[in-house]
Amino acid sequence: GVLTIEAGLEEKMFVGLSRTIRETPSATGGAAVALEPSTGEVLGLVSAPSYDSNIFSTAVSREAFQSVKQDASSPLFDRAVSGLYPPGSSIKPFLALAALEEGVVTAETQVVSTGAVVIPNPYNPEAPAVFRDWKEGGHGVVNLVRAIAESVNTYFFAVGGGYGDISGLGVARMKRHLDALGFGAKTGIDIPSESAGLVPDREWKQETLKERWVLGDTYNLSIGQGNLLVTPLQLARAYAMFANGGKLLKPFVVKLVIDKDKNVMWEQTPEAAAVNVADPEHLSLVRRALRETVTNGTAGRIAGVPFPVAGKTGTAQAGPGRTHAWFASFAPYNNPRLVLVVLIENGGEGSQVAVPAAR
């Protein structure tokens with residue numbers, strides 16, 4: 001068989017990812033995925049910590065295999081394809097797209113971010129629920145492009161759950177759009193043990209947690225928190241959709257099957273799970289915001305590379321005092337050839353940790 005993997009790129013990804021994990025004391029692992037956005041070919045797929053695959057090749061290797069199997073850092077677990085993580089702010093561009101599609105906002109709609117949104121608590125007036133922006137005192141007046149570039153939570157609380165004079169998408173519409181972009185389902189990659197992820201809604205919460213869905217759940221979903229779970233591969237495929245103009249492609253690693261005389265027996269052709277997933281104008285507006293995130297927003301640390309990159313940072317709550325660091329990107333901006341998603345498990349801030357790793 002002939003694989004789609006670019007060995008040089010994948011090695012570079014592995015070295016960069018491993019170095020970042022080593023240099024980040026809190027990090028417990030990570031993953032990186034590189035795709036060709038026009039075809040769905042997987043150019044690189046890396047999970048760390050890793051192991052030497054030669055341990056499977058000889059009888060002598062049984063001991064080596066046992067030690068890898070018992071390693072507490074789970075080197076045998078493929079974080080890129082099977083790992084499930086809250087996406088944090090890396091989900092915001094898809095919810096912005098959904099809000100444009102549903103007419104909840106336009107390019108001009110403005111939201112005032114003062115640092116927090118406070119919801120009264122009907123059961124205890126003394127203890128209202130507070131949903132914060134990451135920036136003390138807020139970001140001021142922002143529109144869609146600014147809200148993505150600076151990752152403004154208040155804007156997305158409005159988009160998702162409603163705030164001020166914006167009615168919000170609500171959980172049912174958010175789920176419908178996220179499902180349509182391939183979240184909560186396997187991508188169908190030709191590798192075993194892929195995880196499907198989870199897009200929660202009212203029914204899921206009632207069934208699984210025996211609790212009713214509240215506005216706070218919608219707010220959390222709006223910023224990629226709560227029970228929303230994605231794999232790095234799913235996120236890469238969804239960002240490829242911004243890079244290729246609206247196609248949701250099936251990722252694959254086996255390109256050709258050839259016989260001993262080098263005759264092609266079988267060839268994989270690019271396969272789209274969905275095309276024209278959104279209005280081209282809406283796609284290009286969100287795309288512009290992803291470029292602005294690099295030139296004038298939270299992903300500034302990658303602005304120095306010699307070609308234009310677009311992307312989105314994410315910092316997702318992973319547990320008490322711990323966050324996963326994400327950066328999802330594509331380049332060159334005008335004619336994308338590469339989608340690259342980096343996740344540093346328990347790594348801290350996306351902008352501080354995942355962006356330099358991607359660079």
Side-chain angles (χ1 to χ4, degrees), residues 1-24 27-54 73 75-83 85 90 189-191 231-237 239-240 242-244 249 251-255 290 293-294 299-314 324-359:
V2 177
L3 301 184
T4 58
I5 300 292
E6 294 272 354
L9 171 66
E10 191 171 76
E11 189 175 343
K12 201 85 168 159
M13 288 163 68
F14 182 69
V15 169
L17 188 71
S18 303
R19 184 192 309 132
T20 301
I21 293 166
R22 248 195 338 273
E23 292 170 359
T24 309
T28 51
V33 180
L35 299 179
E36 203 323 329
S38 60
T39 60
E41 288 171 65
V42 177
L43 304 176
L45 196 63
V46 171
S47 176
S50 192
Y51 59 92
D52 178 354
S53 50
N54 292 319
S73 68
L76 289 174
F77 181 62
D78 184 348
R79 289 161 162 87
V81 174
S82 312
Y85 306 91
S90 63
I189 190 171
D190 46 359
I191 291 177
T231 66
L233 177 66
Q234 277 177 336
L235 203 62
R237 169 167 85 150
Y239 273 86
F242 284 123
N244 65 30
L249 293 165
F252 62 96
V253 290
V254 180
K255 196 172 193 168
L290 294 171
T293 306
V294 172
R301 287 175 177 226
I302 206 166
V305 298
F307 45 82
V309 179
K312 179 78 193 76
T313 53
H324 299 313
W326 286 99
F327 184 55
S329 58
F330 58 87
Y333 173 61
N334 292 319
N335 182 23
R337 304 277 307 283
L338 179 70
V339 168
L340 179 64
V341 167
V342 172
L343 161 77
I344 310 293
E345 201 179 271
N346 298 306
E349 296 275 329
S351 57
Q352 310 289 320
V353 181
V355 174
R359 187 182 64 200

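Count residues from 1 along the sequence. What you see is a predicted model, and the numbers here were worked out from it, not measured in a lab.
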Q: Could you walk me through whether Leu235 and Ser90 pass the side-chain contact (heavy atoms from CB on, under 4.5 Å) check?
A: CA-CA 8 Å; Leu235 203 62; Ser90 63; 3.4 Å; yes

Q: Mind checking the OH-CZ spacing from Tyr333 to Phe307? Nearest 0.5 Å is all I need.
A: 15.5 Å

Q: Which distance, rounded to the nearest 0.5 Å, do you find between the CG of Leu45 and the CG of Asp78?
A: 5.5 Å

Q: Enter the distance from Arg22:CZ to Leu17:CG here, rounded to the nearest 0.5 Å.
A: 10.5 Å

Q: Kindly determine whether Val353 and Val355 satisfy side-chain contact (heavy atoms from CB on, under 4.5 Å), including the steps that lead there.
A: CA-CA 6 Å; Val353 181; Val355 174; over 6 Å; no

Q: With heavy-atom distances below 4.5 Å as the criterion, would you say the side chains of Ile302 and Phe327 are in contact?
A: yes

Q: Can you see which heavy atom on Arg359 is nearest to which on Arg301, and at what distance?
A: NH1-O, 2.8 Å

Q: Before you tell me yes or no, could you show the steps for Trp326 and Val342 under side-chain contact (heavy atoms from CB on, under 4.5 Å), namely the whole-Å CA-CA distance, both residues' side-chain angles and the distance that decides it to 0.1 Å?
A: CA-CA 6 Å; Trp326 286 99; Val342 172; over 6 Å; no

Q: How close do Val33 and Ala236 get, heavy atom to heavy atom, and via which atoms?
A: CG1-CB, 3.7 Å

Q: Is there a side-chain contact between Pro332 and Arg337, using heavy atoms and a 4.5 Å cut-off?
A: yes

Q: Apply side-chain contact (heavy atoms from CB on, under 4.5 Å) to residues Leu43 and Leu35 and explain how you reach the verdict.
A: CA-CA 5 Å; Leu43 304 176; Leu35 299 179; 5.9 Å; no

Q: To the closest 0.5 Å, what do you measure between CG (Leu338) and CZ (Phe330)?
A: 11.0 Å

Q: Counting C-beta onward and ignoring hydrogens, is there a side-chain heavy-atom pair between Val81 and Thr231 closer than 4.5 Å?
A: no

Q: Which atoms form the tightest heavy-atom contact between Ala80 and Ala32, and what is the distance?
A: CB-O, 4.5 Å

Q: Does the side chain of Arg237 reach to within under 4.5 Å of the side chain of Leu249, using non-hydrogen atoms?
A: no

Q: Return the minimal non-hydrogen interatomic distance between Lys255 and Thr4, and the atom names on each side.
A: CB-CG2, 3.9 Å

Q: Give a yes or no on whether the backbone of Ser38 and the side-chain of Glu36 come within a donor-acceptor separation of less than 3.5 Å.
A: yes

Q: Return yes if some donor-acceptor pair links the side-chain N/O of Ser47 with the main-chain N/O of Arg79 below 3.5 Å, else return no.
A: yes

Q: Can you tell me which residue among Thr293, Val309, Val294 is in a side-chain contact (heavy atoms from CB on, under 4.5 Å) with Ser329?
A: Val309

Q: Quick one: CD1 on Ile344 to CD on Glu349, what's the gap to the nearest 0.5 Å?
A: 13.5 Å

Q: Grab the two heavy atoms, one from Pro251 and one from Val42, that are nearest each other, plus how far apart they are.
A: CB-CG2, 4.0 Å

Q: Using atom types as modelled and distance alone, determine if a side-chain donor or acceptor of Glu11 lies under 3.5 Å from a backbone N or O of Gly8.
A: no

Q: Could you check whether Asn346 and Thr28, counting side-chain N and O atoms only, form a donor-acceptor pair closer than 3.5 Å?
A: yes

Q: If you compare all heavy atoms of Ala325 against all heavy atoms of Gly348, which two are closest, and at what distance to 0.1 Å?
A: CB-O, 3.5 Å

Q: If we ignore hydrogens and angles and just use 3.5 Å, is the side chain of Thr24 paired with the main-chain N or O of Ala27 as donor and acceptor?
A: no

